[in-house]
Amino acid sequence: MTTPSATAPPQARQIAMVAVLVPVLAALALWAFAWPATRTAPRDLPLGVAGPAAAAAPLTQQLQRQQGAFEIHRYADEAAARDAIEDRAVYGAVVATPQGPKLLTASAAGPVVAQLLQQAVRSQAPEGRAVPTVDVVPAPEADPRGAALGASVLPLAIAGVAAGSLVTLRRLRGIRAAVTLVVIAVFVGTVAAALTHSWLGVLTGNWWVEAGALGLSTLAVSATVAGLAALLGPAGIGVGALSMVLLGNPFSGVTSAPQLLPEPVGAIGQLLPPGAGGSLLRSVSFFDGARAFGPALTLAVWVALGLTAVVLGALRRGRRSPTVAERPAVLPEAAPVG
């Protein structure tokens with residue numbers, strides 16, 4: 001019989017553990033979400049300068065005075081600068097014209113960045129002179145501030161965590177688990193494209209390509225969570241959820257740009273599925289797939305590693321479990337005689 005004194009110490013330790021763990025997680029969440037938001041500023045933000053060398057040189061010098069803010073790319077004329085923006089090589093460009101500087105932006109690449117460029121260029125212009133601005137790749141009318149695109153990252157991450165957790169909790173193993181994760185991702189991508197493209201109109205690219213990007217983003221998260229669970233046990237679900245939601249979402253830079261986040265947060269975010277998925281979705285929806293290979297490859301690597309871990313975890317579990325022939329036979333107890 002268990003006495004109250006025997007159970008009290010373990011219960012006290014559990015209470016103390018929870019009392020410490022929850023504030024730590026809350027502090028981590030506040031740091032992950034609030035710190036990058038309060039340190040938003042351009043850091044080597046790709047920006048073009050176009051026009052004749054004599055006219056473009058003063059513009060380049062003015063922009064370079066903001067040390068570390070911009071990564072300057074030179075272009076011969078406005079047409080070349082427009083091509084670079086549409087190719088996602090730069091976020092915008094300043095064109096030297098006889099009438100003064102002209103700004104090219106791409107609000108589809110990030111409305112926050114477009115506004116920042118307008119402020120930076122106008123502050124360098126002579127007082128009282130307006131700077132004409134042309135939005136080369138505008139954001140969709142249904143989402144001019146990019147809020148819907150930014151808000152899509154967290155639901156996809158949550159869907160991926162939920163899929164990986166449910167597959168684990170339902171004790172699906174190996175190939176069955178991998179196939180189930182792929183099927184779930186296909187359905188999530190289809191439903192998400194129907195909502196964001198067909199209903200809300202916040203995505204404007206090829207419907208099927210967008211559905212594929214949404215599904216791939218979900219699969220990268222779900223496969224990672226399920227793979228960690230297969231290797232680490234139930235604790236793997238927590239590790240996967242924290243890394244994808246608590247770090248991947250605020251580090252993604254989807255609501256602004258990776259180059260606006262503190263270093264190395266922006267780079268780390270692009271290596272995680274939420275950040276790579278957001279960049280891929282922006283490319284295929286607004287820029288005809290420009291610069292989509294990098295984030296697509298990142299997601300594919302996460303998928304491959306996650307599904308491999310799912311299969312290896314099942315094989316390792318199978319080796320540990322003895323077969324029926326290997327299990328020692330249980331002899332029946334001898335019945336008393338007499």
Can you measure from [atom1] ([X]) to [atom2] ([Y]) and round to the nearest 0.5 angstrom?
X	Y	atom1	atom2	answer
His197	Trp207	NE2	CH2	8.5 Å
Ser217	Leu281	OG	CG	7.0 Å
Leu260	Asp44	CG	CG	11.5 Å
Leu116	Gln259	CG	CD	11.5 Å
Leu203	Asp143	CG	CG	8.5 Å
Gln118	Ser123	CD	OG	12.0 Å

With a 4.5 Å heavy-atom cut-off, do [X] and [Y] have their side chains touching?
X	Y	answer
Tyr91	Leu47	no
Val134	Leu103	no
Leu242	Leu25	yes
Thr255	Val112	no
Leu305	Thr224	no
Arg171	Arg173	yes
Pro140	Phe286	yes
Ser243	Leu272	no

- [ ] Tell me yes or no: between the side chains of Ser279 and Gln270, is some donor less than 3.5 Å from an acceptor?
- [x]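 Yes - a donor-acceptor pair under 3.5 Å links their side chains.
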
Closest approach of [X] to [Y] (non-hydrogen atoms, all atoms of both residues):
X	Y	answer
Phe287	Glu86	CD2-O, 3.5 Å
Pro101	Leu59	CB-CD2, 4.1 Å
Met244	Trp302	CE-CZ3, 3.8 Å
Pro111	Pro144	CG-O, 3.5 Å
Ser107	Ala114	CA-CB, 4.1 Å
Ala257	Val113	CB-CG2, 3.5 Å

Looking only at atom types and distance, does a side-chain atom of [X] sit under 3.5 Å from a main-chain N or O of [Y], one as donor and one as acceptor?
X	Y	result
Arg291	Ser283	no
Ser198	Leu195	no
Ser285	Arg282	no
Thr218	Val188	no
Arg43	Ala41	yes
Asn206	Trp208	yes

Open item on the list: Tell me whether the count of non-hydrogen atoms from other residues, nucleotides or ligands lying under 6.0 Å of CD1 in Ile175 goes above 12.
Closed with: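 Not buried by this count: 12 neighbours or fewer within 6.0 Å.
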
Open item on the list: Are there over 12 heavy-atom neighbours, none belonging to Asp135, within less than 6.0 Å of that residue's CG?
Closed with: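 Enclosed: over 12 neighbouring heavy atoms sit under 6.0 Å from CG of Asp135.
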
If you group Ile, Leu, Val, Met, Phe, Trp and Tyr by side-chain heavy-atom gaps below 4.5 Å, do [X] and [Y] land in one group?
X	Y	answer
Val191	Leu200	yes
Val209	Trp199	yes
Leu214	Leu219	yes
Ile237	Leu166	no
Val95	Val121	no

Side-chain donor-acceptor distances from residues 146-165 under 3.5 Å, at least two apart:
from	atom 1	to	atom 2	distance (Å)
Ser152	OG	Leu149	O	2.6
Ser165	OG	Val161	O	2.7

Open item on the list: Given Val167, which partner from the list Leu172, Val310, Val225 fulfils the side chain to side chain contact (heavy atoms under 4.5 Å, CB included) test?
Closed with: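 So, applying the side chain to side chain contact (heavy atoms under 4.5 Å, CB included) to Val167 and each of Leu172, Val310, Val225, only Leu172 qualifies.
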
Show me the donor-acceptor pairs, under 3.5 Å and distance only, between side chains in residues 67-79 and residues at least two apart or in other chains.
from	atom 1	to	atom 2	distance (Å)
Glu71	OE2	His73	NE2	2.8
Arg74	NH1	Val49	O	2.8
Arg74	NH2	Gly51	O	3.2
Asp77	OD1	Ala79	N	3.4
Asp77	OD1	Ala80	N	2.9
Glu78	OE1	Lys102	NZ	3.4
Glu78	OE2	Arg82	NE	3.1
Glu78	OE2	Arg82	NH2	3.2
Glu78	OE2	Lys102	NZ	3.1

TODO: With sequence neighbours excluded, give me every side chain to side chain donor-acceptor pair (under 3.5 Å) pair touching residues 179-195.
DONE: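 Every pair satisfying side chain to side chain donor-acceptor pair (under 3.5 Å) with a residue in residues 179-195: there are none.
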
